[in-house]
Amino acid sequence: MAPPTPLSTPERYGPTAIALHWLLALLIVGSFGVGLYMHELPNSLSKLKLYNYHKWAGTTILALSALRLLWRLTHRPPPDLPMPAWQAQAAHATHGLLYLMFFVVPLLGWAYSSASGFPIVWFGVLPLPDFVPVDKALAQAIKPWHGRAAWLLMLLVLAHVGAALKHHFIDRDTLLQRMRPGRA
Ligand code: HEM
Ligand code: HEM
């Protein structure tokens with residue numbers, strides 16, 4: 001059964017969905033870049049700082065994704081634009097996998113951090129609980145999976161952005177307008 005509350009118009013996502021989409025897009029792509037950069041650095045104070053920023057951004061992504069999922073489950077998205085059924089199914093599957101990875105990637109990062117014995121203090125003020133024990137072998141087992149999951153997330157993002165651009169420049173439909181900030 002479709003959730004009862006419609007988005008603000010039947011043709012567009014509502015302002016909250018649009019704000020969360022673009023804020024999380026920036027945070028996720030930015031965290032990916034910082035993640036790739038920081039782990040190559042030699043040990044130093046700035047590396048330590050970047051690790052903390054990465055962890056704070058990552059746990060913020062996790063919290064905002066929970067809010068976004070809740071919003072998505074209680075608000076109806078605009079109906080599909082006319083397109084071949086396989087394209088609509090591919091879009092729904094990609095969106096579903098993106099949502100899944102919004103949780104898998106940060107949770108693996110958090111588990112790795114806890115298992116390595118570096119608990120997270122969110123923005124230096126809020127200590128977050130460890131949900132796995134300190135265990136170096138476990139940390140080494142989790143570490144590559146955080147990176148692999150982040151790469152899978154980025155591949156999904158690439159496919160997603162490619163599809164959005166195809167709709168805009170080749171199909172020349174209104175898909176991009178549905179997620180564009182500002183008034184319709
Ligand atoms: C240039 C970059 C991007 C463009 C142009 C773009 C465009 C769009 C558009 C037009 C939609 C609505 C699709 C529809 O109406 O069916 C959408 C939905 C979505 N986008 Fe993006 N997007 C971009 C980046 C991203 C990034 C980086 C992420 C994730 C990290 C992301 C995650 C999502 C998700 C999960 C949805 C589904 C929303 C829902 O139904 O709840 N997007 N995007
Ligand atoms: C969506 C959010 C996140 C993204 C996209 C992301 C992405 C990445 C990437 C690409 C790397 C480099 C991995 C490699 O090349 O081996 C990395 C490393 C790392 N991430 Fe994340 N991450 C996210 C969230 C988190 C969170 C929430 C934490 C912890 C609370 C975390 C902790 C770490 C740590 C400690 C490393 C360094 C691993 C090493 O030393 O090689 N990440 N992350």
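Quick note: residue numbers are just sequence positions, from 1. Read the numbers this way: they start at 1 and go in the same order the structure lists the ligands and their atoms.
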> Under 4.0 Å from any heavy atom of M38, which atoms of ligand 2 are there?
Replying inline: 18 (C), 19 (C), 20 (N), 34 (C), 36 (C), 37 (C)
> Which is it for L62 and ligand 2 at heavy atoms under 4.0 Å: side chain, backbone, both or neither?
Replying inline: neither
> If you measure every N/O of S113 against every N/O of ligand 2, is any gap under 3.5 Å?
Replying inline: no
> What is the closest protein heavy atom to atom 4 (C) of ligand 2, and at what distance does it sit?
Replying inline: V105 CG1, 3.6 Å
> Would V105 and L155 show up in the same hydrophobic cluster when neighbours are defined by side-chain heavy atoms closer than 4.5 Å?
Replying inline: no
> Closest approach of V29 and M154, non-hydrogen atoms and distance?
Replying inline: CA-CE, 4.4 Å
> In terms of atom number and element, which parts of ligand 1 are under 4.0 angstrom from non-hydrogen atoms of V157?
Replying inline: 27 (C), 29 (C), 30 (C)
> What closest approach, in Å, do L156 and M101 show between heavy atoms, and which atom pair accounts for it?
Replying inline: CD1-CG, 3.9 Å
> Out of curiosity, is L24 lining ligand 1, as in a heavy atom under 4.0 Å away?
Replying inline: no
> What atoms of ligand 2 come within less than 4.0 Å of a heavy atom belonging to T59?
Replying inline: 27 (C)
> Considering only heavy atoms of R72, which atoms of ligand 1 have at least one such atom less than 4.0 Å away?
Replying inline: 39 (C), 40 (O), 41 (O)
> Going from CZ on R178 to CG on L81, what distance comes out if it is rounded to the nearest 0.5 angstrom?
Replying inline: 4.0 Å
> Should you measure from each heavy atom of G58, which atoms of ligand 2 turn up under 4.0 Å away?
Replying inline: 24 (C), 27 (C)
>> If you take the nearest heavy atom of each of A163, A164, G96, which one is closest to atom 7 (C) of ligand 1?
In response: A164
> Of the listed options (M179, R68, R12), which comes nearest to atom 34 (C) of ligand 1 when hydrogens are ignored and any heavy atom counts?
Replying inline: R68
> Near F102, which atoms of ligand 1 are under 4.0 Å from a heavy atom of that residue?
Replying inline: 29 (C), 30 (C), 35 (C)
> What are the two closest heavy atoms between L175 and A164, and how far apart are they?
Replying inline: CD2-CA, 4.3 Å
> Taking all non-hydrogen atoms of both residues, which atom of W56 and which atom of W122 are closest, and how far apart?
Replying inline: O-NE1, 3.5 Å
> Out of W145, F118, Y112, W122, who gets a non-hydrogen atom closest to atom 35 (C) of ligand 2?
Replying inline: Y112
>> Show me which atoms of ligand 2 lie under 4.0 Å from any heavy atom of W110.
In response: 28 (C), 29 (C), 30 (C)
> Under 4.0 Å from any heavy atom of I61, which atoms of ligand 2 are there?
Replying inline: 1 (C), 2 (C)
>> For ligand 2 and W151, I'd like to know whether there is a polar contact (N/O to N/O, distance under 3.5 Å).
In response: no
>> Are V121 and L50 linked, directly or through intermediate hydrophobic residues, by side-chain heavy-atom contacts shorter than 4.5 Å (ILVMFWY only)?
In response: no
>> Regarding ligand 2, does H39 bring an N or O atom to under 3.5 Å of one of the ligand's N or O atoms?
In response: yes
>> Counting only heavy atoms not in Y37 (residues, nucleotides, ligands), do more than 12 fall under 6.0 Å from its OH?
In response: no
>> Can you tell me if K166 has over 12 outside heavy atoms packed within less than 6.0 Å of its NZ?
In response: yes
> Does W22 reach ligand 1 with a nitrogen or oxygen that is under 3.5 Å from one of the ligand's nitrogen or oxygen atoms?
Replying inline: no
> Could you state the interatomic distance from CG (L176) to CG (L165), rounded to the nearest 0.5 Å?
Replying inline: 7.0 Å
> What protein heavy atom sits nearest atom 13 (C) of ligand 2, and how far away is it?
Replying inline: G147 CA, 3.8 Å
> Where's the contact between L175 and ligand 1, heavy-atom distance under 4.0 Å: side chain, backbone, both or neither?
Replying inline: both
> Which heavy atom of the protein is the closest neighbour of atom 12 (C) of ligand 2, given with residue, atom name and distance?
Replying inline: G35 O, 3.3 Å
>> Judged on heavy-atom distance to atom 24 (C) of ligand 2, which of K143, M154, H146 sits nearest?
In response: H146
>> I need the atoms of ligand 2 closer than 4.0 Å to a non-hydrogen atom of A150, numbered in the order shown.
In response: 7 (C), 10 (C)
>> Below 4.0 Å, non-hydrogen atoms only: which portion of Y51 touches ligand 2? Side chain, backbone, both or neither.
In response: side chain
> Among H160, M83, H75, H92, whose heavy atom sits nearest atom 22 (N) of ligand 1?
Replying inline: H160
> For P106 and G58, which heavy atoms make the closest approach, and how far apart are they?
Replying inline: CB-O, 3.7 Å
> Closest heavy-atom contact between D80 and A88?
Replying inline: OD2-CB, 3.8 Å
> Atoms of ligand 1 less than 4.0 Å from L176 heavy atoms?
Replying inline: 5 (C), 10 (C)
>> Nearest 0.5 Å, please: how far is CE in M179 from CH2 in W22?
In response: 7.5 Å
> Hey, does H95 come in under 3.5 Å of ligand 1, counting only N/O atoms on both sides?
Replying inline: no
>> Ring of W145, cation from R148 - is the NZ or CZ under 6.0 Å from the centre and inside 45° of the axis?
In response: yes
> Looking only at N/O atoms, are H54 and ligand 2 under 3.5 Å apart anywhere?
Replying inline: yes
